[in-house]
**Q** 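After the C-alpha cells below, expect a handful of questions from me.
In this chain, residues are counted from 1 in sequence order.
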Amino acid sequence: MSLVHNEQTKLTANALDRASTACLTVGVLGPSAAALYGLGASAAAGGWIAFGALLWLAAAGLLHYMARRTLRSLR
C-alpha cells in the first residue's frame with residue numbers, strides 16, 4: 001500500500017473517532033449534566049433522557065468500532 005493511502009485511511013479513522021466523541025458529548029454528557037443541575041425540561045423527562053442517552057451511546061460505540069475496523073485495513 002502507498003503512503004498516501006495509509007494517511008488517508010488514518011484520516012478517515014480519526015474522523016470517525018471524532019464523530020463518536022461528539023455523539024458521546026452531545027447525546028450523553030450534555031443531557032446528563034442538564035438533568036443533574038435541573039436545567040430545562042430534562043428533569044421531568046428522565047426516562048426519555050435515559051433512552052436517548054442509550055441510543056447516542058450506541059451510536060458512539062458503533063462509530064468507534066468503525067474507526068477501529070478502518071485502521072485494521074492497514075495491516
**Q** Hey, what do you get for CG (N14) to OG1 (T9), rounding to the nearest 0.5 Å?
**A**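 Going from CG on N14 over to OG1 on T9, the span is 11.0 Å.
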**Q** Between atom CG of L62 and atom CZ of R69, what is the distance when rounded to the nearest 0.5 Å?
**A**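 Result: 11.5 Å between the selected atoms.
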**Q** Can you measure from OG1 (T70) to CD (Q8) and round to the nearest 0.5 angstrom?
**A** 13.0 Å
**Q** What distance separates L54 CG from I49 CD1, expressed to the nearest 0.5 Å?
**A**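 Going from CG on L54 over to CD1 on I49, the span is 11.5 Å.
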**Q** With respect to W56, which candidate in T25, L29, V28, L24 satisfies the side-chain contact (heavy atoms from CB on, under 4.5 Å) definition?
**A**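 When side-chain contact (heavy atoms from CB on, under 4.5 Å) is applied between W56 and each of T25, L29, V28, L24, only V28 qualifies.
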**Q** Identify the heavy atoms of C23 and A59 that sit nearest to each other, and give their distance.
**A** SG-CB, 4.4 Å
**Q** When hydrophobic residues are tied together by side-chain contacts of less than 4.5 Å, even through go-betweens, does L55 share a cluster with W48?
**A**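 Same cluster.
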**Q** Under a 3.5 Å distance rule, please check whether T21 uses its side chain to pair with a backbone N or O of D17 as donor and acceptor.
**A**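 Such a contact is found between T21 side chain and D17 backbone.
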